Amino acid sequence: MKYTQLGRTGLKVSRLVLGTMNFGPQTDEPESHAIMDAALGAGVNFFDTANVYGWGENKGRTEEIIGNWFAKGGDRRDKVVLATKVYGNMAGDGDVWPNHDRLSALNIRRAVDASLKRLQTDHIDLYQFHHIDRRTPVEEIWQAVDVLIKQGKILYAGSSNFPGWKIAQTNETARRLGSYGLVSEQCLYNLAERRAEMEVIPAAQEYGLGVIPWSPLHGGLLGGVIKKEAQGGRRTSGRSADALANTQMREKVQAYEDLLDKHGIEPGEAALAWLLTRPGVTGPIVGPRTADQLASALRAVELELGDEVLASLDEIFPGPGPSPEAFAW
């Protein structure tokens with residue numbers, strides 16, 4: 001495994017991030033534990049989750065699965081850089097109650113204590129805001145974060161799904177208050193969705209945030225979906241199905257699969273390897289449902305894409321260009 005610093009921090013993390021969103025809803029606890037053991041054995045030390053994972057009436061279940069894995073011992077917790085998130089409503093479906101969501105100081109305090117209990121740990125290494133909160137002043141958020149850092153409950157704060165201007169506003173406020181500020185941004189970024197290159201990634205680089213792309217295969221779109229369909233494999237759904245319904249996108253994906261077939265490269269591994277070449281990227285989040293999917297992701301770390309392949313990928317999936325040139329001059 002290869003490692004890098006997380007943004008401007010001294011924290012060393014693996015270039016792949018183990019995403020756990022499938023643990024519980026699609027992968028049972030024993031298989032989830034086996035995947036985490038395999039990831040740790042391969043040197044993956046950066047695990048990402050969120051308090052709402054488990055979804056529906058099972059919100060928090062994913063954190064519980066991870067906590068039970070930590071409880072097995074073997075220095076599991078000590079070896080892992082643990083990231084979770086706060087924002088979503090944790091009340092049961094249909095039981096919406098004030099102050100059980102978003103980023104008020106009250107909800108942050110409540111949410112971190114609940115996550116610590118489910119995760120069976122005394123601290124969270126990276127506590128991430130799952131979305132911007134348009135109602136809570138940034139000063140209030142940093143006040144809550146600084147208290148948690150002083151209490152030793154969290155070490156760093158990060159953002160997720162923040163626009164570039166919000167990254168700037170949040171870190172400028174932190175600077176004014178004497179807080180350390182955001183150290184990471186978790187954003188939607190992959191070959192098929194490159195709009196983050198306009199402002200989000202430049203803002204992250206300017207403020208020293210590590211970029212952690214989620215959905216690196218765009219919901220399976222970049223994992224050889226057309227070939228799998230032709231072979232009678234799993235039907236596409238969600239983001240992948242929506243994209244393939246667009247004729248122009250389907251043609252791009254076909255060209256992408258043809259290019260990689262020509263070079264003998266697995267599409268999913270190429271998509272991950274491409275992200276690892278991008279400026280500012282710490283590591284993409286991979287969310288394996290099985291041990292085989294994890295093994296494929298691990299191979300991507302060692303995959304070197306040649307200049308010809310990289311140039312061809314840019315031709316198939318061109319980026320938007322920098323801001324303001326992307327939309328002005």
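Remember, predicted model here, so these are calculated numbers, not experimental data.
By the 4.0 Å N-to-carboxylate-O rule, E257 lies too far from K227 to be salt-bridged with it. For the pair D125 and R77, the salt-bridge criterion is met [side-chain N within less than 4.0 Å of a carboxylate O]. Under 4.0 Å is where a charged nitrogen must lie from a carboxylate oxygen, and between E140 and R135 no such pair does.
Using bins of under 30°, 30° to 60° and over 60° for the plane-to-plane angle, the ring pair Y87/H131 lands in the tilted bin.
Residues T27 and N22 bring no donor and acceptor atom of their side chains to less than 3.5 Å of each other. For the 3.5 Å distance criterion, the side chains of K153 and Y127 fail to qualify, holding no donor opposite an acceptor. Between Q231 and K228, the side chains place no donor N or O within less than 3.5 Å of an acceptor N or O (distance only, hydrogens not considered).
The minimum heavy-atom distance linking L294 with P288 is given by the pair N-CB, 3.6 Å. Considering every non-hydrogen atom in both D133 and S104, the closest pair reads OD2-N, 4.1 Å. When every heavy atom of V286 is checked against every heavy atom of L16, the shortest pair comes out as CG1-CD2, 4.0 Å. Here the closest heavy-atom approach between residue L119 and residue E63 is recorded as CD2-O, 3.5 Å. The two residues M1 and Y3 come nearest to each other via the heavy atoms O-CE1, 3.5 Å. Closest approach of A50 and T84 over heavy atoms only: CA-OG1, 3.3 Å.
Q248 CD: 12 or fewer foreign heavy atoms inside a 6.0 Å radius. More than 12 heavy-atom neighbours from other residues, nucleotides or ligands sit within 6.0 angstrom of CD on Q5. No more than 12 heavy-atom neighbours from other residues, nucleotides or ligands sit within 6.0 angstrom of NZ on K117. Other residues, nucleotides and ligands place no more than 12 heavy atoms under 6.0 Å from the NZ atom of K12. Residue R195 qualifies as open at atom CZ: its count of foreign heavy atoms under 6.0 Å is 12 or below. Summarising the local packing, CZ of R109 is surrounded by 12 or fewer heavy atoms from other residues, nucleotides or ligands at distances under 6.0 Å.
To the nearest 0.5 Å, atom NZ of residue K166 and atom CG of residue N171 are 11.5 Å apart. Note: L313 CG to E308 CD = 10.5 Å, rounded to the nearest 0.5 Å. Residue L272 holds its CG atom at 5.0 Å from CG of L217, rounded to the nearest 0.5 Å.
Taking 4.5 Å as the limit, every side-chain heavy atom of L221 sits out of range of all side-chain heavy atoms of K252. When side chains are defined from C-beta on, S32 does not count as touching T20, because their heavy atoms never get closer than 4.5 Å. Counting heavy atoms from C-beta outward, R110 and M90 have side chains that stay 4.5 Å or more apart. Proximity of F317 to M249: side-chain heavy atoms (C-beta onward) are separated by under 4.5 Å at one or more points. For the pair E199/P163, no side-chain contact is recorded, criterion being any heavy-atom separation below 4.5 Å from C-beta on. Residues Y189 and L275 meet the side-chain proximity criterion, which asks for heavy atoms closer than 4.5 Å.
Using modelled atom types, no side-chain atom of R278 and backbone atom of N190 make a donor-acceptor pair closer than 3.5 Å. In this structure, W142 contributes its side chain and R175 its backbone to no donor-acceptor pair below 3.5 Å. Between the side chain of S14 and the main chain of N45, a donor-acceptor pair closer than 3.5 Å is present. Distance alone, capped at 3.5 Å, places no donor-acceptor pair between the N51 side chain and the S115 backbone. Of the possible polar contacts, none joining the Q128 side chain to the A83 backbone as a donor-acceptor pair under 3.5 Å is found. Remark: the backbone N or O of E31 is not paired with any side-chain donor or acceptor of H33 at under 3.5 angstrom. Remark: the backbone N or O of T282 is paired with a side-chain donor or acceptor of R15 at under 3.5 angstrom. Within the 3.5 Å criterion, the main-chain N or O of I316 finds no donor-acceptor partner in the side chain of Y256. Of the possible donor and acceptor atoms, one in the side chain of T62 sits under 3.5 Å from a partner among the backbone N and O of F23. In this structure, R299 contributes its side chain and E266 its backbone to no donor-acceptor pair below 3.5 Å.
The aromatic ring centroids of F47 and W69 lie less than 6.0 Å from each other.
Remark: R8 qualifies as a cation-pi partner of Y180 under the 6.0 Å distance and 45° angle criteria applied to the six-membered ring.
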**Message:** Show, in sequence, the C-alpha distance, side-chain angles and deciding distance for Q254 and D258, and conclude whether the side-chain hydrogen bond (donor to acceptor under 3.5 Å, both in side chains) test is met.
**Reply:** CA-CA 6 Å; Q254 185 65 68; D258 290 345; 3.0 Å; yes
**Request:** Tell me, with the steps shown, if I65 and R61 meet side chain to side chain contact (heavy atoms under 4.5 Å, CB included).
**Result:** CA-CA 6 Å; I65 290 172; R61 177 59 182 145; 3.7 Å; yes
**Request:** For I212 and D48, run side chain to side chain contact (heavy atoms under 4.5 Å, CB included): C-alpha distance rounded to whole Å, both residues' side-chain angles, the deciding distance at 0.1 Å, then the answer.
**Result:** CA-CA 10 Å; I212 308 170; D48 176 76; over 6 Å; no
**Prompt:** Under the side chain to side chain contact (heavy atoms under 4.5 Å, CB included) criterion, do L126 and F46 qualify, and how do the steps go?
**Reply:** CA-CA 10 Å; L126 177 63; F46 199 2; 3.9 Å; yes
**Message:** Under the criterion side chain to side chain contact (heavy atoms under 4.5 Å, CB included), I'd like the reasoning laid out for L40 against L18: C-alpha separation, chi angles, the key distance, then a yes or no.
**Reply:** CA-CA 9 Å; L40 197 63; L18 181 67; over 6 Å; no
**Request:** Go through the steps to decide whether E269 and S296 satisfy the test side-chain hydrogen bond (donor to acceptor under 3.5 Å, both in side chains), and finish with yes or no.
**Result:** CA-CA 7 Å; E269 294 171 21; S296 175; 3.1 Å; yes
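Checking each of V309, L303, L222, L305 against W274 for a side-chain contact (heavy atoms from CB on, under 4.5 Å) leaves exactly one that passes, namely L305. A side-chain contact (heavy atoms from CB on, under 4.5 Å) with H130 is found for one member of V86, D101, N161 and no other, namely N161.
Under the 4.5 Å side-chain heavy-atom criterion for ILVMFWY residues, no single connected hydrophobic cluster contains both M21 and L188. Hydrophobic cluster membership is shared by I149 and L177, with clusters built from Ile, Leu, Val, Met, Phe, Trp and Tyr side chains linked at under 4.5 angstrom.
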